[in-house]
Amino acid sequence: MKRFKGFIKKEFYHIFRDKRSLFILFGMPIAQILLFGFAITNEINNVDIAILDHSKDATTNEIINKIAASEYFSIKQMVTREADIASVFQKGQVKAVLNFEKDFSKNLIKDHKATIQIITDATDPNTANTISNYVSAILQQYQKELNKDITIAYQIVPATRMVYNPELKSVYMFVPGVMTIILMLVSAMMTSISITREKELGTMEILLVSPLKPFQVIIGKVFPYIFLSIINAIVIVMLSIFIFNMPVQGSLVLLALESILFIISALALGILISTISATQQTAMMISLMGLMLPVILLSGFIFPISSMPFPLQIISNIIPAKWFIIIIKGIMLKGVGLEYIWKETLILMGMTVFFIALSVKKYKIRLE
Amino acid sequence: MNNDKVIQVESLTKMFGDFIAVNDITFDVNKGEIFGFLGANGAGKTTAMKMLIGISKPTFGKAHVAGFDVFTDAENIKKNIGYMSQKFALYDDLTVKENITFFGGIYGLSRKRIKEKANTLIEELGLGNVANQLVGSLPLGWKQKLSFSVSLIHDPKIVFLDEPTGGVDPITRRQFWELIYKAANQGTTIFVTTHYMDEAEYCDRVSIMVNGKIEALDTPKKLKEQFKAANMNDVFLKLARG
Ligand SMILES: Nc1ncnc2c1ncn2[C@@H]1O[C@H](COP(=O)(O)OP(=O)(O)OP(=O)(O)O)[C@@H](O)[C@H]1O
Ligand SMILES: [Mg+2]
C-alpha cells in the first residue's frame, strides 16, 4: 500500500510538471465546453419577435407588455392571421412568434388554464431554445404574480413548437459528445502516452526489475487518470448545469457509474495501445487516429448515425463511445433510468471486459 | 549449490527468431567479485544481462542468480539485485530527492530508512546543493552516479551495471569506479559491462563476448599472458580479429 502511494505521488509529479498534460487535462475540457456552449448559446438580447393575439383581452395585453418591457425581446410586428406565420419566418424578420389562443382571459378564469404557443425558428437551434426558455420564464413570473392570493392556481401553459429544425440540435446535444471525447482523451490517450513514456525512457525496465509486479505498475500508472477523468466528468457536468443551465434530468449516481464504466473501457484501450507502441509519438498517433477520429466521426456525436452510409453504421457499433453517448444522452437529456439503457450498458460492459482481457494478455507477452 | 557462486550460468542461449543473440554461454560469478562483461557492439551483453535479471526469458540453458532459478523464481531474484540500465533511467522531471524516495519506496524501504539513505547518498555524491533540483538539469556524469547509488538503495547482493560509464569524461569515470570499488568492498557482487578496455583492468575477472559467444574468461593478468598482450585493449583486438 505504501509502495502504491509513492507510485501515485510520482505519477502526479509527472502530470503536474508537464505543461502539455496539464493543458489536455484541465484546459481542454473547459475550453471545449465553453467553446461549444458559447459558439451556440449566446445570451439573447433584443430578439425580434412577432405576436399573434387571437384574444386581445386584458390578460394578453398585460403579458405582451411584460414581454415588450424585457430587454430580451422587441416586438417587431403583430400578425393577424395564422396563415401569415410561415411567411413572417420565411422573410426572416423575426426569430419567434407568440400565438395567444382565443378567449385567453376567459379560459384562464373558467378553466384556470390558458395556452400560449411559442413558435421558434430552429435553424439556429440554440437561440430557439433560449428564446422559449426566456419566454417561459416571463410567463412563469407573471403566473406567480397572478396566483399570489388565490386558492386555485391559474396556469399559463407555454406550448413550444419549432419550425425548420424540430429535432433541435443544440448545446445540450454537444455536452454528452464533449464529455465522451474528453474522457476518451484523458483515459485512453494520456494513459497510453504515460505508459509508453516509461518504455521510451527505459524506466519501465527499471520498474520491472524491481519487486513491483507488472500489474501493480500498470494499476499505479492508470490510477491517477481514473481520478482525473472523474474530476473532469464532474467539471463538465457542473459547467453545463451552471453556465448553460442544462439540467441533468436523470440520476446523477447512474450517470457517475456509467461514466466510470466508460472510463475503465477507455483505460483498457489506453493500455492496449501502449503495448503496441514503442514511442510516445506512436501512442499519440494511434490514439488520435484509432480512437479520437472514430469518436468524433462515427459515434453520432456530430453526424447522426442514421444518415451514415450503411457500412459505416455497422462499424459504428464497435465504437464504445457510440453506446456511451446513447447512455448519457438518455440520462442527461431524457432523464431515463437503467431500464431504458440496460442494453447499451451491457454492450459497453462486454466491450470493457474484452479490452481488459486483451490488454492483460498483450501486456504479458510484451514482458517476455 | 555452491554458496560462493552468486551467479551460475550454463549453456544459456537467447534466440530472436533465427538469430542467436546469446549463444550457449557458461560461466560463474563469485560472491563479492567485480565481474567485467566485455564485448563489441551487438555482441549480446545486454541480452544476456536481461535474462539474468528476469526480464527476458532464455530460449535454452540454465541460470541461477542469488541462488534462484531465472525460469521459475524471477520474483525472488528481483528482491536481491540492483540494476542500472544502458539507457539513463531516472526520472528527469523528479528532483534528486524525489527520485531517491520513489525508488526506495518501490523496494519497500521504510520512510525512516529512505530518509537516512537519501541523506547519506546525497552527501557521499556531493549533491547537497542540487538535492531539490530536477534530475534533468544535472550533467550526465552526476546522473550516472546518482543512478548507480539508487540501484544500490535496497542493499542488493548483486548489482548489474550495463555500460554505466557510457559517454562520460575520464575523470567522472574514475570517480564512478571508486563508487564501484566501495560497493564491492562492502560485499556487493558487481556484474558490469563496458566498452572501455582500461576499465577492464579494474575488474577481478573479465569475460569477452564475440557474436553471442564467450571467447575468453579469466583475470586481466592471465588474459594478457594468454594472449601475449601488453594491455586489455590488445587482448580484445586479438580476439576480435579471430
Ligand atoms: N528484441 C530483439 N529482437 C531482435 N533482435 C534483438 C533484440 N534485442 C537485441 N537484438 C539483437 O541481438 C544482438 C545483441 O544485442 P545486445 O543489445 O545484447 O548487444 P550488446 O552487446 O548489449 O551491444 P551494445 O554494446 O551496443 O549495447 C544485436 O544484434 C541486436 O540487434
Ligand atoms: Mg548493450
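Below, chains carry the letters A, B, ... as their sequence lines are ordered, and counting in each starts from 1.
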Apply the test side chain to side chain donor-acceptor pair (under 3.5 Å) to residues B:Asn41 and B:His195: give CA-CA distance (whole Å), side-chain angles for both, the deciding distance (0.1 Å), then the verdict. CA-CA 8 Å; B:Asn41 280 322; B:His195 273 159; 3.1 Å; yes
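- Aromatic ring centres of B:Phe102 and B:Tyr107 lie farther apart than the 6.0 Å criterion allows.
- Remark: A:Lys19 engages no residue in a salt bridge (charged side-chain N to carboxylate O under 4.0 Å, His left out) (not counting sequence neighbours).
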Before giving the answer on ring pair (Phe, Tyr, Trp, His ring centres under 6.0 Å), spell out for B:Phe37 and B:Phe27 the whole-Å C-alpha distance, their side-chain angles and the decisive distance to 0.1 Å. CA-CA 11 Å; B:Phe37 204 60; B:Phe27 63 93; 5.7 Å; yes
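- In this structure, the side chain to side chain contact (heavy atoms under 4.5 Å, CB included) partners of B:Lys213, at least two apart in sequence or on a different chain, are B:Asn23, B:Glu215.
- Side-chain contact between B:Glu98 and A:Lys10 is absent, with no heavy atoms from C-beta onward closer than 4.5 Å.
- Within residues 81-95 of chain B, the residues having any heavy atom less than 4.5 Å from a heavy atom of chain A are, in residue-number order, B:Ile81, B:Tyr83, B:Ser85, B:Lys87, B:Phe88, B:Ala89, B:Leu90, B:Tyr91, B:Asp93, B:Leu94, B:Thr95.
- The closest side-chain heavy-atom distance from B:Val9 to B:Lys62 is not below 4.5 Å.
- Scanning residues 135-165 of chain B against chain A with a 4.5 Å non-hydrogen threshold yields no residues.
- A distance of 10.0 Å separates CG in A:Leu267 from CG in A:Leu183, rounded to the nearest 0.5 Å.
- A salt bridge links B:Arg113 to B:Glu116: at least one charged side-chain nitrogen sits closer than 4.0 Å to a carboxylate oxygen.
- Contact annotation for A:Glu198: only side-chain heavy atoms (C-beta onward) come within less than 4.5 Å of a heavy atom of chain B.
- Comparing A:Glu205, A:Lys213, A:Lys9 by how many heavy-atom pairs each has under 4.5 Å with chain B, the most go to A:Glu205.
- Here A:Lys221 pairs with A:Glu11 in a salt bridge; the nearest charged N to carboxylate O distance falls below 4.0 Å.
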